[in-house]
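Okay, structure first, notes after.
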Number of protein chains: 2
Amino acid sequence: MNIRSVAQLAGVSISTVSRVINSPESVSEELRERVRKAIEQLGYRPNQIARSLRTGSTKVVGFIIPDITNPAFLLMVKGAEDYLKRKGYMFIVCGTDHNIEEETKLLKTLLSQSVEGIIVTCSGGRNSSFAKVIQNSGVKMVFMDRRYEDIDLPYVGVDNTAGVEKITDFLVKTGHRSFAYLSGERNTSSAKERLRGFMKSMKKHGVEDYQVLYGRFTFESGYELTKKLKKIPDAVVGGNDLVALGAIEALNEMGYHVPDDVSVVGFDDMFYSKYSKPALTTVRQPIYEMGYMAGKVLWQLLSGKNIKKRVTILQTDIVVRETVKERNAPNRGFTEKVEVVL
Amino acid sequence: MNIRSVAQLAGVSISTVSRVINSPESVSEELRERVRKAIEQLGYRPNQIARSLRTGSTKVVGFIIPDITNPAFLLMVKGAEDYLKRKGYMFIVCGTDHNIEEETKLLKTLLSQSVEGIIVTCSGGRNSSFAKVIQNSGVKMVFMDRRYEDIDLPYVGVDNTAGVEKITDFLVKTGHRSFAYLSGERNTSSAKERLRGFMKSMKKHGVEDYQVLYGRFTFESGYELTKKLKKIPDAVVGGNDLVALGAIEALNEMGYHVPDDVSVVGFDDMFYSKYSKPALTTVRQPIYEMGYMAGKVLWQLLSGKNIKKRVTILQTDIVVRETVKERNAPNRGFTEKVEVVL
DNA sequence: TTGTAAGCGTTATCAG
DNA sequence: CTGATAACGCTTACAA
C-alpha cells in the first residue's frame with residue numbers, strides 16, 4: 001500500500017496525491033477531497049524512508065549520552081526533545097555505558113542512519129577518533145553538559161565552577177574550617193570544572209586545610225573515598241549528590257553524625273536528594289533547561305542560522321536543606337594537601 | 001559521496017562495491033582490495049535510508065514508554081536493547097508522559113518511520129485507537145511490564161499479584177494485624193494486579209481490618225494518601241517504592257516512627273530504596289531481565305518464528321531491610337473497609 | 001490545476 | 001566473477 005494505490009483509488013496521478021499531502025492548497029478542492037477519502041479509506045501513511053531518501057531530510061536527531069539509565073541525562077534529553085519535537089523531529093537516543101569506543105561506534109551508526117543532528121554528552125575526557133568521524137559528514141552537532149575541549153562545536157552547559165565555588169563559600173561562611181573534596185571521574189570536563197570551583201574558594205579564603213580525593217560519580221565511590229579520608233573534616237563536598245550520599249553513609253558507619261559532626265554537600269539536586277535523610281544541601285542545576293537550550297541551539301544549526309553564541313553557560317542555585325550546620329570549629333591544625341586516587 | 005564515487009575511484013561498477021559490502025566472498029580478492037581501499041580513502045559509509053528503501057528492512061525498533069525520565073522504564077529498555085543490538089538493531093525510544101493520545105500519535109509516527117518492531121509499556125488502562133492503528137501495519141509488537149488486556153499481543157511482565165501477596169503474607173506472619181494499601185493509578189494493569197495480591201493475602205488470612213486508598217505511583221501520592229488514612233494501621237503497603245517512601249515521610253511528620261510504630265513496604269526495589277533511611281523492605285522486580293526477555297520475544301517475532309509462549313511472567317523476590325518490625329499487635333478493632341480516591 | 005518523468009542511493013536480477 | 005539496469009516510494013521540475 002503506497003502512494004500509487006491511493007492515486008489509483010482516487011483516480012488521479014501520484015503527484016496529485018503527493019501535493020494533497022505536502023501542499024494541499026495547490027490542489028483543487030474536488031480532487032483534494034477525493035484523495036483524502038482514498039487516504040482515509042486505505043489508512044495510508046507516507047513512507048518516511050522514501051521521503052527522506054528523496055528530500056535528504058530525515059527529520060531525525062540523535063542523542064549520545066553516557067548512561068541511558070541515569071535520570072539526569074534523560075531529563076536533559078527530554079528538554080531537548082520537548083523543544084525539537086515541535087519542529088517535527090524524531091529521536092534516537094543511544095547510551096555508551098561510559099565507553100569511548102562505543103561512543104565512536106554509535107556516532108558512525110547515527111551518521112549512516114542519516115540523522116540530521118546529534119546532541120552529545122561526552123563519555124570521557126578525550127575521544128581521539130571523534131573529530132575524524134564527524135569530519136565533513138554534514139551533521140550538525142552540539143555538546144550538552146560535557147564537551148571535548150579540543151573540538152570546536154557549540155556547547156550548552158552549566159557553570160560547574162561557579163556552582164561549587166558558591167556552595168563552598170557558603171560552607172566557609174557558616175564556620176567550616178577544614179574540607180574534603182570527593183571528585184568524580186577526573187578526566188571529564190565537569191569534574192575538572194567543579195574541582196576548580198572548590199580550589200578557587202579555598203584560595204580565596206586562604207584555607208589550606210583541605211583534601212582532594214579522586215574517584216567516580218557514584219554512591220559507592222563517595223562511600224569508599226570517605227573511608228580513606230586521612231582525617232574527618234568539618235565539611236565534605238561531593239562531586240555530585242550520589243557521592244555526597246555515599247559519604248554520609250560512610251560517615252554514619254564511622255560514628256559521625258551529619259550535620260552535627262560533619263557537614264556534607266552535593267551537586268545536581270537529583271530527584272531523590274530532597275527525600276534523603278537528612279535532606280541533602282546541594283547545588284541545583286537547571287538540567288531540563290540545559291537540554292531545552294541544547295535543542296534550541298541545534299535547531300538554529302539545523303535551520304542554517306549562524307550561531308552567535310558558541311557557548312551557553314547556565315547558572316546554578318544553592319539549595320539549602322539539612323546536611324549543613326552552622327559551626328565555629330577550631331582549626332584542627334591539618335594543613336597537608338593529600339591526593340588519593342581510587 | 002555515495003556508492004558511485006567509490007566505484008569510480010576503484011574503477012569498478014557500483015554492483016561490485018555493493019557486493020564487497022554485502023557479500024565480500026563473491027568478489028575476487030583483487031577487486032575486493034581495491035574497493036576496500038577506495039571506501040577507506042573516502043570514508044564511505046552506506047546510506048541506510050537508501051538501503052532500507054530498497055530492502056524493506058530498517059533494522060530499527062521503537063520503544064514506547066510512559067515516562068522517558070523514569071529509570072525503571074529505562075532499565076527495561078536497556079535490557080531489550082542489550083539483546084537486540086547484537087542482532088544489529090537501532091533504537092528509537094519515545095515517552096508519552098502517561099498520555100494516551102500521545103501514545104497513539106507516537107505509534108503512528110513510528111509506523112511511518114518504518115520501524116520493524118515496537119515494544120510498548122502501556123500508558124493507561126485502555127487505549128481505544130491502539131488496535132485500529134496497528135491493524136495490518138505489519139509491525140511486530142510486544143507488551144512489556146504493562147499491557148492492554150483487550151489486545152492480543154505477546155506480553156512479558158512480572159507476577160505483580162504474587163509479589164504483593166508474598167510481601168503481605170510476610171507482614172501477616174511477622175505479627176501485623178491491620179493494614180493499609182496505597183494503590184497507584186487504578187486503571188493500569190500493574191496496579192490492578194498488585195491490589196489483587198494484597199486482597200488475596202487479606203482473604204487467605206481472614207484479615208478484615210484493612211483500608212485501600214487509590215492515588216498515583218508517586219512519592220507525593222503516598223504522602224497525601226497516608227495523611228488521609230482513617231486510622232494508622234500496623235503496616236502500610238505501598239503500590240511502589242515511591243509511594244512507600246512518601247508514606248514514611250507522612251508518618252514521620254505525624255509523629256509515628258517506622259518501623260517501631262508502623263511497618264511500611266514497597267514494590268520495585270528501585271535504585272534508591274536501599275539507601276533510604278530506614279532502608280526500605282520491598283519486592284524486587286527483575287526489571288532488566290524483563291526488558292531482555294521482551295527483546296528476545298520481539299526478535300523471535302521479527303525472525304518469523306512462532307511464539308509458543310504468548311505470555312512470559314517473571315517472578316519477584318522479597319528484599320527484607322529495615323522498615324518492617326516483628327510485632328504482636330492487638331487487633332485495634334477496626335474492621336470497616338474504606339475507599340478513598342485521590 | 002494536473003500529469004509525466006527524473007532521480008535520491010541502494011540492492012537484486014539477469015546477462016555476459 | 002562482473003556489469004548494466006530495474007526497482008524501492010516518494011518529491012519536484014517541467015510540460016501541458
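Scope of the values below: all heavy atoms of this structure, side chains included, with no hydrogens, waters or symmetry mates. A note on names: the letters A, B, ... follow the listed sequences, proteins ahead of strands, and every chain is numbered from 1.
For the side chain to side chain donor-acceptor pair (under 3.5 Å) condition, the pairs that include at least one residue of residues 95-106 of chain B, sequence neighbours left out, are A:K78-B:D97, B:T96-B:S123, B:E103-B:S123, B:E103-B:N127, B:E103-B:Y148, B:T104-B:N127, B:T104-B:S129. Counting only residues at least two apart or in different chains, salt bridge (Lys or Arg N to Asp or Glu O under 4.0 Å) contacts with residues 50-74 of chain A are absent.
Listed in residue order, the members of residues 20-30 of chain B having a heavy atom less than 4.0 Å from DNA chain C are B:N22. Listed by residue number, the members of residues 5-12 of chain B with any heavy atom below 4.0 angstrom from DNA chain D are B:V12. For DNA chain D, the residues of residues 47-61 of chain A within the heavy-atom distance limit of 4.0 Å (strictly under) are A:N47, A:A50, A:R51, A:R54, A:T55, sorted by number. Within residues 33-46 of chain A, the residues that place at least one heavy atom under 4.0 Å from DNA chain D are, in residue-number order, A:Y44, A:P46.
B:F271 is not listed as a side-chain neighbour of A:T69, based on a closest heavy-atom distance of 4.5 Å or more.
Residue B:S18 places at least one side-chain N or O under 4.0 Å from the OP1 or OP2 atom of C:dT11.
Among the nucleotides C:dG3, C:dT10, D:dT2, the one closest to any side-chain atom of B:T16 is D:dT2.
The CD1 atom of A:I14 sits 9 Å away from the P atom of D:dT11 (whole-angstrom rounding). Atom CZ in B:R4 sits roughly 9 Å away from atom P in C:dT10 (whole-Å rounding).
Under the side-chain contact (heavy atoms from CB on, under 4.5 Å) criterion, A:E30 pairs with A:S28, A:R34, not counting sequence neighbours. Partners of A:R126 by side-chain contact (heavy atoms from CB on, under 4.5 Å), not counting sequence neighbours, listed by chain and number: A:D150. Remark: A:D145 engages no residue in a side chain to side chain donor-acceptor pair (under 3.5 Å) (not counting sequence neighbours).
Each end of the helix from C:dT1-D:dA16 to C:dG16-D:dC1 gets its own axis from five base pairs, and the two axes differ in direction by 40°, given to 10 degrees.
A perpendicular orientation is assigned to the rings of A:Y83 and A:Y292, their planes being inclined by more than 60° (bins at 30° and 60°).
For the atom pair CD1 of A:I92 and CD of B:Q113, the computed distance is 8.0 Å after rounding to the nearest 0.5 Å.
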Which atoms of nucleotides 13-16 of chain C (N or O only) lie under 3.5 Å from a protein N or O atom, and what are those distances?
none

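Panel note: side chain B:R45, backbone A:K108; a donor-acceptor pair is recorded below 3.5 Å.
Enclosure of atom NZ in A:K192 by more than 12 non-hydrogen atoms of other residues, nucleotides or ligands within 6.0 angstrom is indicated.
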(request) Go through the steps for A:L302 and A:K87 under the test side-chain contact (heavy atoms from CB on, under 4.5 Å), then give the verdict. (result) CA-CA 11 Å; A:L302 251 17; A:K87 311 292 185 185; over 6 Å; no
Review item, side-chain donor-acceptor pairs of residues 5-16 of chain B, under 3.5 Å, at least two apart:
unit_1	atom_1	unit_2	atom_2	d
B:S5	OG	B:N2	N	2.8
B:S5	OG	B:N2	O	3.0
B:S5	OG	B:N2	OD1	3.1
B:S13	OG	B:S15	N	3.4
B:S13	OG	B:S15	OG	3.4
B:S13	OG	B:T16	N	3.4
B:S13	OG	B:T16	OG1	3.4

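A:E116 and A:S57 are linked by a side-chain donor-acceptor pair at a separation below 3.5 angstrom, with hydrogens and angles left out of the test.
Along DNA chain D, the nucleotide closest to A:I3 and the one closest to B:S13 are compared, and the more 5′ of them pairs with B:S13.
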